[in-house]
Amino acid sequence: MSEFREPVVKALFAVSGNQCAFQNVDTGAGCEEKLTDPSWRRTKGQIAHIRGRQPGSVRYEAAYAHVNEFENLLVLCPNHHTQIDDLEPHRYTTDVLVEMKARHEMSAPMPSKWIDEDDLERVAKEVTAATVARWIAENMMAQAAAEADVVESMRQALADAISSMAERPKIVLTLYYYERLTLAQIGQAIGVSASTVGRIRRGALLDLRDALGPEADALLSAIR
């Protein structure tokens, strides 16, 4: 799923006049950077949020429901996108950016003077595709981090459960799963037969499943 709908991207670029929407908060001076050109391989314009899109981002408002819609977005060159979000977010507040967007869209030249419908379609698809790629990358990283936290938590629970066992089951599981000894090797180490080691291991696994559920088998398999 894309962060921005393609019609929203097309509308933003159509009313931009092919010009970065940035205006200096002190002087009112605008930016003269073009957003796209037929000779360029890709567009320079970047879609910026007025109100932040997620908790922790600049200018985030939890109650605002239209974060990825036209009224909350403006198109900037990369330098000014960085300026409002990373360098001077305290100066480029929501109110400042709302006014900046309104002034720019009222003063921008008509879109027909610089871009036709085919070019607009291309730009919209390019920005949307780039956004999809970034969204996927960000979410895959977040998902991987969350999964890693869950696995680490389960690994710790497994280690704690093994540590709390009686001495012989604890030794058997540790040698078999962590040291990767065979049943016969473990039997020689603790002075019992391989079949006895197998019986101890099966009993210990039952205790682990009672304590941790089916995740115990998956984690032990991963270790093994």
Side-chain angles (χ1 to χ4, degrees), residues 1-25 30-89 92-146:
M1 179 180 179
S2 170
E3 181 179 6
F4 306 121
R5 295 182 297 113
E6 191 167 309
V8 172
V9 178
K10 290 177 67 175
L12 286 166
F13 276 85
V15 301
S16 71
N18 196 26
Q19 188 173 351
C20 171
F22 180 83
Q23 294 171 346
N24 187 282
V25 71
C31 175
E32 297 182 359
E33 288 284 338
K34 290 199 301 182
L35 303 175
T36 189
D37 187 278
S39 65
W40 298 350
R41 294 183 61 185
R42 58 180 58 87
T43 181
K44 183 188 295 183
Q46 296 182 353
I47 297 178
H49 288 85
I50 294 174
R51 300 164 185 85
R53 68 187 178 93
Q54 59 186 7
S57 58
V58 294
R59 300 178 298 275
Y60 176 71
E61 296 178 17
Y64 190 77
H66 307 292
V67 67
N68 288 329
E69 295 303 321
F70 178 86
E71 64 267 25
N72 191 53
L73 305 170
L74 66 166
V75 189
L76 302 172
C77 67
N79 287 341
H80 285 133
H81 193 177
T82 298
Q83 184 169 351
I84 69 165
D85 279 0
D86 300 325
L87 300 181
E88 296 185 300
Y92 290 91
T93 63
T94 297
D95 290 341
V96 168
L97 294 182
V98 168
E99 185 177 351
M100 181 188 296
K101 174 182 173 71
R103 285 202 308 265
H104 177 71
E105 290 173 359
M106 286 190 294
S107 62
M110 292 297 292
S112 59
K113 293 182 180 180
W114 63 271
I115 194 166
D116 61 24
E117 186 64 24
D118 289 340
D119 283 335
L120 199 59
E121 185 89 13
R122 174 185 58 79
V123 169
K125 288 181 178 178
E126 181 180 321
V127 174
T128 302
T131 300
V132 170
R134 187 177 71 250
W135 183 89
I136 290 173
E138 289 175 353
N139 280 270
M140 285 182 67
M141 290 177 62
Q143 182 178 354

Task: Minimum-distance pair of heavy atoms, taken over all atoms of Gly45 and Val75 - done: CA-CG1, 4.0 Å
Task: Gln19 CD to Glu33 CD distance, which is reported to the nearest 0.5 Å - done: 10.0 Å
Open item on the list: Angle between ring planes, Tyr92 versus Phe22, binned at 30° and 60°: parallel, tilted or perpendicular?
Closed with: tilted
- [ ] Give, for atom CD of Gln23 and atom NE2 of His80, the distance between the pair rounded to the nearest 0.5 Å.
- [x] 10.5 Å
- [ ] Rounded to the nearest 0.5 Å, what's the gap from CG on Leu76 to CD on Gln83? Could you check?
- [x] 9.5 Å
Open item on the list: Can you confirm whether the side chains of Asn68 and His49 place a donor and an acceptor under 3.5 Å from each other?
Closed with: yes
Task: Atom pair CG/CG of Leu12 and Leu35 - distance to nearest 0.5 Å - done: 10.5 Å
Open item on the list: So that I can tick it off, tell me whether Glu71 and Lys101 are bridged by a salt bridge, with the cut-off set at under 4.0 angstrom between side-chain N and carboxylate O.
Closed with: no
- [ ] Using modelled atom types only, decide if a donor and an acceptor are shared between the side chain of Arg51 and the backbone of Val67 within a distance under 3.5 Å.
- [x] no
Open item on the list: Counting C-beta onward and ignoring hydrogens, is there a side-chain heavy-atom pair between Leu74 and His104 closer than 4.5 Å?
Closed with: no
Open item on the list: If I take atom CG from residue Leu73 and atom CG from residue Leu97, how far apart are they, to the nearest 0.5 angstrom?
Closed with: 11.5 Å
- [ ] Might you point out which heavy atoms bring Ala21 and Met100 nearest each other, and give the distance in Å?
- [x] O-CG, 3.2 Å
TODO: Give, for atom CZ of Phe13 and atom OG1 of Thr43, the distance between the pair rounded to the nearest 0.5 Å.
DONE: 4.0 Å
Open item on the list: With a 4.5 Å cut-off on side-chain heavy atoms, are Lys44 and Asn79 touching?
Closed with: no
TODO: For residues Cys20 and Cys77, report the shortest heavy-atom separation together with the two atoms involved.
DONE: SG-N, 3.3 Å
